[in-house]
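Order of appearance sets the numbers: ligands from 1, and atoms from 1 within every ligand. This one's a predicted model, so the numbers in the text were calculated from it and none came from an experiment.
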Amino acid sequence: MKQLGIDSFSGKRVWIIGASSGIGAACAQALLSKGAKVALSSRRIERLEQIARAVKPEQTLILPVDVTQQQQIQTAYQSIVQAWGGIDLLLFVSGMYVPLRADNFDINTAEQTIDANLLGPMRAVAAVLPNMLSAHAGHIAIVGSVAGYSGLPKALAYGPSKAGIINFCETLYYDLLPQGVSVHMISPGFVATEATAQNDFEMPALITADQAATEILSGIQKGEFDIHFPKRFSGFLKFLRILPYPLYFWIVRRFVKI
Ligand SMILES: NC(=O)c1ccc[n+]([C@@H]2O[C@H](COP(=O)([O-])OP(=O)(O)OC[C@H]3O[C@@H](n4cnc5c(N)ncnc54)[C@H](OP(=O)(O)O)[C@@H]3O)[C@@H](O)[C@H]2O)c1
């Protein structure tokens, strides 16, 4: 059994959480230009309004959401249901990254990271699932990261939050495939955004946010579960994780300045 894709985004109702910058903003712009109706969510409303200004008012909804607040997610979803009758695609892009190593490990930052990056998507999925299950239709796409494949330096909280996303998507897939609801697990490599602007090292296989959006939308259209890119980097990391640990750690130490 293969999960469904989306023939055309024209007229589709998409809820993007984390639409104000980077990958989420690029996905929003691409979807709007393909004729989708896009509900834009995140905390920085002025950024969302800027995206919406470029298209007809009926094509967008602006719904402020902090993903750590369950009530805000529920309220935003109810507003979409009232305005558009529901959604065809939940695209959860929002995420935070604070480099953490053993010598600056901070439990408050770790809690915030897990709250935003792992519990955030779970809250959004909890909001949309009942309607998708009763309709036997819909798509849930969540942006994780190749940093979730296996342990990498400087990601003491980010890495576990993204590893959790991989397991969450895999586990959702078992239940949703027979119900007609598609799951798309998205694992980008390095993408040039505000989040990665803080990196003080040369990022291998760096791509633009527009390129990332093209990969994401094309994977969703084809009905892919595992959407990872750019393949030259994500494929290499997929290979690394099947190696025995001594070899894995040796290679990572050689490639990454530790
Ligand atoms: N860039 C990369 O190299 C890369 C690689 C792999 C995976 N990723 C993942 O891709 C996703 C997007 O990252 P990006 O690089 O595009 O970063 P970005 O430009 O910093 O965008 C992050 C987005 O998340 C939103 N956000 C953060 N915390 C939020 C919260 N508590 N509530 C609501 N929205 C929140 C931000 O909106 P507001 O601030 O307006 O709320 C913003 O729209 C993240 O999940 C990231 O982990 C990125």
**OP:** Say whether Asp210 and Thr208, considering side chains only, have a donor N or O and an acceptor N or O under 3.5 Å apart.
**Re:** no
Original post:
Are Lys37 and Asp88 within salt-bridge range, i.e. N to O under 4.0 Å?
Top reply: no
**OP:** Return each pair, listed once, that meets ring-ring contact (aromatic ring centres under 6.0 Å, His included) where at least one residue sits in residues 117-172; pairs must be two or more places apart or across chains.
**Re:** Tyr97-Tyr158, His139-His184
**OP:** Could you tell me which residues satisfy side-chain contact (heavy atoms from CB on, under 4.5 Å) with Ile251, sequence neighbours excluded, listed by chain and number?
**Re:** Phe236, Leu240, Leu243, Leu247, Phe255
Subject >> Qualifying ring-ring contact (aromatic ring centres under 6.0 Å, His included) pairs, either residue in residues 49-75, two or more places apart >> reply: none
**OP:** Taking only heavy atoms of the protein into account, state which residues are under 4.0 angstrom from an atom of ligand 1, in chain and number order.
**Re:** Gly18, Ala19, Ser20, Ser21, Gly22, Ile23, Ser42, Arg43, Arg44, Val65, Asp66, Val67, Val93, Ser94, Gly95, Val143, Gly144, Ser145, Tyr158, Lys162, Pro188, Gly189, Phe190, Val191, Thr193, Glu194, Ala195, Thr196
**OP:** Anything under 30° is parallel, anything over 60° is perpendicular, the rest tilted; go ahead and classify Tyr245 against Tyr248.
**Re:** perpendicular
